[in-house]
Amino acid sequence: MSGAKVLVVDAGGRGNAIAHAFARSEAVGTVYVAPGNAGSEMMDKCRLATVDGKVPKSIPDLLKFAQKESIDLTFVGPEGYLSEGIVNAFEADGQRIVGPKKEAAILEGSKCYTKDLLKSLRVPVPPCRNFSDPSEAKEYAREIFAEDPRNGAVIKADGLAAGKGSIVCFSQEEALSTIERIMVSPRLFGRAGERIEIEKRLQGRELMFFALSDGRTVLPLESALDYKRAFAPDEKVAVRLFNKLSGNPNIDNNPNTGGMGGFSPHPWLDEELTDRIMKRIAVPTVRGFKDATGHEYVGVIYFGLMISEEREPYVLEINVRLGDPEAEVILPRLKTDFYQLSSAVLDGRLDRVKLEWSKEHCLGVCAVSGRAIKPLSSGGGERPGYPGEHYTNMPISGLEKVDPDVLVYHNGTALGNDAQEKRRLFTTGGRVLTLVAHGRSLGEARTRAYENIKRIRFNGMRYRKDIGQDYV
Ligand code: GLY
């Protein structure tokens with residue numbers, strides 16, 4: 001096939017959505033995805049990358065694949081590869097690759113470093129301090145609750161912890177026990193929790209804000225409203241059952257996940273707030289990082305923000321990538337050619353780009369591996385489901401009944417043979433599929449998403465029923 005060859009490095013639904021965005025470019029002939037999943041092969045022009053029948057996973061193997069296939073452009077999804085230096089390794093070989101280098105990926109890789117940097121740049125952050133001594137950390141937590149027992153504290157492991165390293169505590173007791181569990185025993189996040197950052201929980205509304213940088217120019221991307229809690233607010237019984245089965249002491253805590261769905265455009269991120277975030281946060285961070293370290297920030301930058309009642313933004317965290325499942329509802333709305341846009345990032349030409357977005361609404365619902373019982377004959381028992389322990393390797397059915405213009409991005413699936421030697425799709429993770437419907441209104445997108453997701457089935461399948469509900 002003629003046209004450019006692209007490699008997308010990602011294993012999840014975000015990788016499916018990035019690959020799909022590249023595949024829509026007329027300049028692109030083939031999109032390879034690695035490590036990928038079964039969904040990586042289901043879109044036009046897209047296929048799994050393989051070398052000698054195996055999917056490349058390590059940075060050296062991915063580089064060998066790029067060399068062998070003469071890949072024109074590589075785009076990296078997850079933070080792990082970026083922190084390990086995939087961009088440094090590819091660039092050293094002369095490859096064109098979009099993403100921040102290892103030196104810049106520290107903005108996600110170390111929460112303590114980032115908060116210190118932002119404070120030095122006068123970029124607004126909540127009151128916060130870093131600790132490597134658990135006794136000093138506990139003292140600070142006591143101070144937060146002594147000031148006002150209604151305060152909350154957010155305790156964050158310094159290093160990468162698969163998106164689970166940030167714990168919101170609503171009482172002093174909970175905060176002290178969280179510090180103990182991260183830093184002393186059982187060391188919940190291993191070495192990532194040797195240092196921690198503690199911040200006072202701010203009141204306001206959380207906002208995920210995405211921008212694209214070529215090192216000099218920073219362009220805002222459109223955003224999505226996401227749903228992080230595992231259960232809808234009215235699912236109190238399910239929350240209790242989840243915590244009981246998980247052995248969690250806080251029985252009413254609705255657990256955080258990587259995301260259960262979302263929609264785009266964002267309902268209250270308007271032009272004025274976008275400008276304010278760009279001026280106060282995004283541009284000073286990218287420029288200040290260059291001035292402080294000598295390293296340019298190139299790629300997607302994703303700010304987790306708290307917006308106060310006065311509409312002032314504060315940075316809670318920085319991620320060095322697109323969000324998952326945010327990418328699944330944002331990228332289908334991008335009308336600008338994604339290959340040309342990625343090339344502009346690499347060539348330092350973002351100042352000449354004007355992004356175009358569809359006015360349509362996209363709403364995504366994640367189907368996850370929920371509470372399930374497996375027969376004792378197969379080593380069974382009841383598991384609470386994502387984001388706790390869950391079963392995988394469950395056959396999935398009904399995808400063929402989904403309307404052709406509804407997108408199904410795969411988060412955790414693989415093809416395999418069932419007991420009758422029939423080729424089928426199986427679950428491989430906590431988040432399994434993100435179904436994305438579009439519509440002229442949010443209501444239309446929502447109705448179509450929920451009509452279609454009902455047609456898909458697997459043992460233990462669960463999804464939130466309230467995505468977008470309060471905004472239609
Ligand atoms: N959806 C949250 C994240 O990607 O970090």
Side-chain angles (χ1 to χ4, degrees), residues 8-19 21 37 39 75-83 99-100 104-111 114 154 156-168 189 192 197 205-212 221-231 254-266 269 282 299-307 315-333 362-368 386-387 409-412 429-436 463-464 466-468:
V8 174
V9 178
D10 199 305
R14 170 184 51 205
N16 280 202
I18 296 169
N37 57 41
F75 192 105
V76 186
E79 65 280 10
Y81 282 109
L82 296 165
S83 290
I106 192 171
L107 290 175
E108 180 162 355
S110 171
K111 312 283 174 286
T114 300
V154 188
K156 298 181 178 178
D158 179 49
L160 295 180
K164 297 181 185 146
S166 173
I167 300 179
V168 185
F189 309 115
E197 189 234 318
R205 296 200 282 186
E206 277 194 43
L207 172 72
M208 307 298 130
F209 187 86
F210 298 89
L212 193 56
L221 298 174
E222 292 239 333
S223 187
L225 190 133
D226 70 327
Y227 290 71
K228 285 216 168 58
R229 301 277 172 186
F231 299 92
N254 188 349
N256 248 330
T257 68
M260 296 292 291
F263 62 87
S264 179
H266 194 286
L269 174 62
V300 176
I301 185 159
Y302 152 10
F303 296 91
L305 304 173
M306 186 64 86
I307 310 294
V315 180
L316 306 180
E317 63 179 36
I318 293 181
N319 297 308
V320 296
R321 54 183 172 80
L322 282 165
D324 189 346
E326 290 89 338
E328 288 95 306
V329 291
I330 294 173
L331 289 179
R333 295 187 48 244
C362 276
L363 184 135
V365 184
C366 297
V368 305
Y386 177 78
Y409 294 129
H410 295 216
N411 300 89
R431 278 191 297 190
V432 176
L433 301 162
T434 302
L435 181 140
V436 180
Y463 54 88
R464 272 183 69 156
D466 63 332
I467 308 295

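When a ligand or atom number is given, it counts from 1 through the structure's own listing order.
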Are any side-chain N or O atoms of [X] and backbone N or O atoms of [Y], one a donor and one an acceptor, separated by less than 3.5 Å?
X      : Y      : answer
Thr434 : Cys366 : no
Asn37  : His410 : yes
Lys156 : Leu316 : yes

Pairs of nitrogen or oxygen atoms closer than 3.5 Å, one from Asp226 and one from ligand 1: do any exist?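 No, no N or O pair falls under 3.5 Å.
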
Between Lys228 and ligand 1, is there a nitrogen or oxygen pair with a distance under 3.5 Å?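 Checking ligand 1 against Lys228, no N or O pair falls under 3.5 Å apart.
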
Distance filter under 4.0 Å to Gly323 heavy atoms, resulting ligand 1 atoms: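 Near Gly323, meaning under 4.0 Å from one of its heavy atoms, ligand 1 has 4 (O).
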
Show which atoms of ligand 1 fall inside a sub-4.0 Å distance from at least one heavy-atom site of Gly258.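 Selected atoms, number and element: 1 (N), 2 (C).
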
Are Phe231 and Asn254 packed together at the side-chain level, in the sense that at least one heavy-atom pair is separated by less than 4.5 angstrom?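 Of all side-chain heavy-atom pairs linking Asn254 with Phe231, at least one is under 4.5 Å.
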
With Pro78, which residues qualify under side chain to side chain contact (heavy atoms under 4.5 Å, CB included), at least two apart?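 Scan of Pro78 (side chain to side chain contact (heavy atoms under 4.5 Å, CB included), adjacent residues dropped) gives Asp10, Arg14, Val76, Tyr81.
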
Atom 3 (C) of ligand 1: the protein heavy-atom neighbour that sits closest, reported with distance to 0.1 Å: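 Sorting protein heavy atoms by distance from atom 3 (C) of ligand 1 puts Tyr302 OH, 3.4 Å first.
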
Protein residue, atom and distance nearest to atom 5 (O) of ligand 1, heavy-atom basis: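 The answer is Arg321 NH2, 2.8 Å.
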
Quick one: pull up CD in Glu326 and CG in Asp226 and give me the separation to the nearest 0.5 Å.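 Going from CD on Glu326 over to CG on Asp226, the span is 4.5 Å.
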
Heavy atom to atom 4 (O) of ligand 1, shortest distance: which of Asp324, Asn319, Asn256 holds it?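 Going through Asp324, Asn319, Asn256 one by one, Asp324 has the nearest heavy atom to atom 4 (O) of ligand 1.
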
Under-4.0 Å heavy-atom contact with ligand 1, by part of Glu326 that carries it: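 Side chain only; the backbone of Glu326 stays clear of ligand 1.
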
